[in-house]
Amino acid sequence: MKPRFADPAVRPQTERFDLATLNEPQRQAVLHEGGPLLVLAGAGSGKTRTIIYRIARLIRDGVPAQRILGVTFTNKAAAEMRERLWSIAGGDGAKVRLSTFHSLAVAILKEELKAAGLKRGFCIYDTGDQLSLVRELMRQVRVADRRLDAARVLDLILRAKRERKAEIAIDTGDDYELAAFDLYPRYRAQLAAFNAVDFDDLLLLAEDVLDTPGPRERWSSRFDELLVDEYQDTSPDQLKLLKILAGSEKRVCVVGDDDQSIYAWRGADAKNILIFSNQFKGAREIVLDQNYRSTGFILAAANQVIKNNSGRKPKALWSDAGDGEPVDVVACTDPNDEAAFVVAQIQRLLADGEVKDEIAVLYRANVQSRIFEEELGVERIPFRVVGGQAFFERKEVKDALAYLTVAMNPRDEIALRRIINTPPRGIGPTSVLRLAAAGEASGRGLWSALKEAATVSDLPPQAVVGAAQLVGVVERSAPGLRRAKRGELSHLAGTLFQELGLRDHVLAADDAPGLAERRLENLDEVVRSLERFERSVAADVPILSEYLTSAALTNADEGEEEDQAGRVTLMTLHSAKGLEFRNVFLVGVEEELLPHQRTVDDAAGDLGEERRLFYVGMTRARRRLWLTHVKTRLKHGKPTPRTPSRFLQELPEGEGVRRRNRDDPKGDAESEKLAGDFFRNLRANLGIT
DNA sequence: AATTAGTAAATTTTT
DNA sequence: TTTACTAATT
């Protein structure tokens with residue numbers, strides 16, 4: 001696997017283990033022995049490097065690699081760490097157990113299936129599945145006609161579940177609370193009936209399991225050393241898991257930055273950093289505040305902004321890299337103008353010899369990306385959009401996987417509903433309703449109702465035929481799929497998709513040019529990802545269940561790793577965390593976008609988190625940083641006046657920040673320069689092509 | 001007449 | 001990718 005953001009200056013291919021290359025606090029963190037350790041690592045302070053070195057140091061001092069557990073927040077981070085460990089510690093580095101909290105929880109649940117109260121082949125529901133379930137329940141309970149947003153209902157349910165509430169408290173008594181109150185027990189009952197768990201259940205159940213004597217002993221003695229990256233993003237449940245796994249020795253090292261906590265909406269609690277010393281008695285605390293990434297002006301601006309947050313560990317990043325160029329704050333007239341400005345600047349950077357991999361456009365919401373995609377496309381500047389839609393969440397991919405899921409676990413009615421009429425086989429919404437009612441009445445569920453479709457009253461004949469066909473295909477293929485071992489699964493799945501006519505269905509569905517081909521490509525990629533998966537597992541064990549779990553927990557665009565070099569990067573602020581670029585455009589820095597509307601509206605909204613998000617975005621930049629905002633933006637088709645983000649007022653005054661207005665005559669010099677650059681660039685391009 | 005299939009609008013961040 | 005509306009089909 002190649003690193004996505006290879007930069008020789010920061011991530012050498014082979015890293016030599018040399019303590020002299022570390023600064024004093026980094027060295028202390030690496031050498032610290034025994035008890036709990038909290039490393040407060042500011043943005044760009046060499047955090048990951050410190051963790052890698054620490055692991056390498058532990059191995060060198062005789063800790064068996066397989067008794068070291070490194071927990072990261074994303075699969076991507078785990079993969080990157082694995083690679084760097086390999087380069088610094090060789091074969092032993094590869095034996096270190098690196099995983100996310102969620103995949104660790106799955107490992108625990110699979111090993112302790114009984115204690116967890118689960119059956120083999122349980123499914124993991126992602127947010128889309130959760131939403132489908134809530135929507136379905138809303139229909140059943142007839143709250144649908146009140147037109148509630150299922151996502152908000154789900155949010156309330158998940159919150160209660162995380163807090164292990166027996167029922168949802170009625171507080172304000174609004175429609176959402178009432179709906180959530182009704183649906184909460186049903187949601188949980190349905191998951192149990194489907195032999196399914198959602199993301200939160202993974203952690204909650206793992207916690208329950210480790211609360212019982214047997215498993216507790218087994219797991220708390222399994223690792224000698226624990227390391228947690230991005231500790232500020234851990235939830236209370238993850239903290240509990242960590243405490244159990246740490247056992248009595250408590251050799252725990254956590255690394256994080258409270259200023260970069262941006263996942264509170266998903267249950268993370270930055271307080272975990274503040275309370276670390278209470279949770280782990282005798283903890284040592286080390287602060288890494290020397291920044292090796294950004295220029296002085298960028299750091300000064302970022303420090304000045306984050307200072308306004310309360311309840312943080314006071315610290316200010318410093319650097320000896322010099323002031324650099326001022327931060328540019330640019331007022332544009334509208335999103336078109338903003339995109340034009342950004343792309344013109346990018347042209348100019350490229351003309352000056354900057355490389356595309358070192359340029360990023362960051363935004364708050366995914367919807368903002370489109371106009372930049374268009375503008376870059378017009379100028380023929382290669383780009384990539386990170387995160388937009390994860391591979392395993394694309395419709396055609398989910399459809400294909402749903403077939404495999406149903407083969408594994410026919411009780412999963414969310415997966416079953418997804419495929420029941422895809423490709424169309426005459427079972428429309430009304431027929432599904434009837435079948436579901438029949439399944440409910442018999443108490444044996446939707447799948448058995450499908451099997452007995454002929455006996456279901458009022459079902460149109462073509463629906464009966466369709467049901468028989470679906471049941472036939474699944475029942476013929478399921479036993480083989482479930483038993484399939486390495487070298488068999490991908491072939492069986494490919495045949496199944498063929499037999500179902502999934503490829504034809506995908507190919508026939510779309511009218512946008514090229515889209516159908518892309519979808520077909522995605523579908524074929526499922527088979528290829530199965531092949532890849534087969535190569536990565538041991539022989540002679542059934543692997544379908546393993547594959548489905550890994551698909552549920554992986555967000556990576558598999559197979560799209562190649563030819564991503566030489567492109568400008570477009571992504572959300574959330575997905576930018578942990579990355580860095582020489583040149584960063586942070587766009588749409590406006591009220592209602594950053595801070596986002598919802599956090600301003602919500603009484604419980606956390607303005608601090610929005611500010612941290614802004615801070616994270618700023619600190620991605622190594623040399624140049626542009627902050628842009630627009631004066632009008634279309635909202636529901638109407639042009640709406642916009643105000644610059646309040647965070648822009650928190651920036652320092654003076655030479656470190658340069659404010660400009662795109663339609664201001666004073667900016668003419670700038671635009672003339674831009675025009676000049678444009679033609680210069682054009683000539684350069686023509687010269688090459 | 002009922003049901004299914006196709007079309008158009010709009011969506012915060014994501015393990 | 002869901003929802004609401006319309007056209008087409010049994």
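Chain letters run A, B, ... following the sequence lines, proteins first, then strands; residues in each count from 1.
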**Report entry** Atom-to-atom span, CZ of A:R611 to C1' of B:dT13 - whole angstrom
**Finding:** 18 Å
Query raised in the report: Rounding to a whole Å, what distance do you find between A:E609:CD and B:dT12:P?
Result: 16 Å
Requested in this report: Indicate, with yes or no, if the rings of A:W265 and A:H574 have centres closer together than 6.0 Å.
Outcome: yes
Query raised in the report: Residues two or more places apart in sequence or in another chain: which of them pass side chain to side chain contact (heavy atoms under 4.5 Å, CB included) with A:I371?
Result: A:P335, A:N336, A:A339
Query raised in the report: For A:P423, what residues pass the side chain to side chain contact (heavy atoms under 4.5 Å, CB included) criterion, not counting sequence neighbours?
Result: A:Y403, A:R425, A:L502, A:H505
Query - Atom-to-atom span, NE2 of A:H596 to C1' of B:dT14 - whole angstrom - result: 15 Å
Requested in this report: May I ask you to say what A:T74 touches in the nucleic acid, namely base, sugar-phosphate or nothing, with a heavy-atom cut-off under 4.0 Å?
Outcome: sugar-phosphate
Query raised in the report: How would you list, by chain and number, every residue that makes a side-chain hydrogen bond (donor to acceptor under 3.5 Å, both in side chains) with A:R97, sequence neighbours excluded?
Result: none
Requested in this report: Stems involving DNA chain B: give each as a range paired with a range, ordered by first number, where a stem means at least three consecutive Watson-Crick or G-U wobble pairs under 3.5 Å.
Outcome: B:1-10 with C:1-10
Query raised in the report: Given atom CG of A:D155 and atom P of B:dT14, what is their separation to the nearest angstrom?
Result: 15 Å
Report task. Return the orientation label for the A:F194 and A:Y125 ring planes: parallel under 30°, perpendicular over 60°, tilted otherwise. Result -> tilted
Report summary line: Sorted by chain and number, sequence neighbours left out, salt bridge (Lys or Arg N to Asp or Glu O under 4.0 Å) with A:E230 holds for A:K47, A:K577
Pairs under 3.5 Å (N/O, protein and nucleotides 2-4 of chain C):
unit_1	atom_1	unit_2	atom_2	d
C:dA4	OP1	A:R147	NH1	3.2

Query raised in the report: Sequence neighbours excluded, which residues qualify as side-chain hydrogen bond (donor to acceptor under 3.5 Å, both in side chains) partners of A:R503?
Result: A:D524
Report task. Would you please determine if the base of B:dT13 is stacked by A:W265, with stacking meaning a centroid separation under 5.5 angstrom and planes under 30 degrees? Result -> yes
Requested in this report: Could you pull out all residues at least two apart from A:F372 that satisfy ring pair (Phe, Tyr, Trp, His ring centres under 6.0 Å)?
Outcome: none
Report summary line: A:L131 atom CG is separated from B:dT12 atom P, nearest whole Å, by 12 Å
**Report entry** side chain to side chain contact (heavy atoms under 4.5 Å, CB included) partners for A:D149, two or more places apart
**Finding:** A:A151, A:R152, A:Y176
Query raised in the report: Does a salt bridge link A:D259 with A:R312, judged by any charged N lying under 4.0 Å from a carboxylate O?
Result: yes
Query - B:dT14 base stacked by A:H574 (centroids within less than 5.5 Å, tilt under 30°) - result: no
Requested in this report: Considering just the side-chain nitrogens and oxygens of A:T572, establish if one lies under 4.0 Å of OP1 or OP2 belonging to B:dT14.
Outcome: yes
Query raised in the report: Rounded to the Å, how far apart are A:D229 CG and B:dT15 P?
Result: 15 Å
Report task. Applying side-chain hydrogen bond (donor to acceptor under 3.5 Å, both in side chains), name anything that partners A:E546, two or more places apart in sequence or on another chain. Result -> none
Every protein N/O within reach of nucleotides 3-5 of chain B N/O, cut-off under 3.5 Å:
unit_1	atom_1	unit_2	atom_2	d
B:dT3	OP1	A:R434	NH1	3.3
B:dT3	OP1	A:R434	NH2	2.9
B:dT4	OP1	A:G428	N	3.1
B:dT4	OP1	A:S431	OG	2.4
B:dT4	OP2	A:T430	N	3.2
B:dT4	OP2	A:T430	OG1	3.2
B:dA5	OP2	A:N421	ND2	3.1

Report summary line: In whole angstroms, the gap separating C1' of B:dT15 from OH of A:Y125 amounts to 18 Å
Query raised in the report: According to a strict under-4.0 Å criterion, is A:N366 in side-chain N/O contact with OP1 or OP2 of B:dT13?
Result: yes
Query raised in the report: A:L553 has an atom CG; how far is it from atom P of B:dT15, in whole Å?
Result: 10 Å
Requested in this report: Give one of base, sugar-phosphate or nothing for A:F101, where a contact means two heavy atoms less than 4.0 Å apart.
Outcome: nothing
**Report entry** Under the side chain to side chain contact (heavy atoms under 4.5 Å, CB included) test, residues paired with A:N308 that sit two or more places apart
**Finding:** A:R611, A:E650
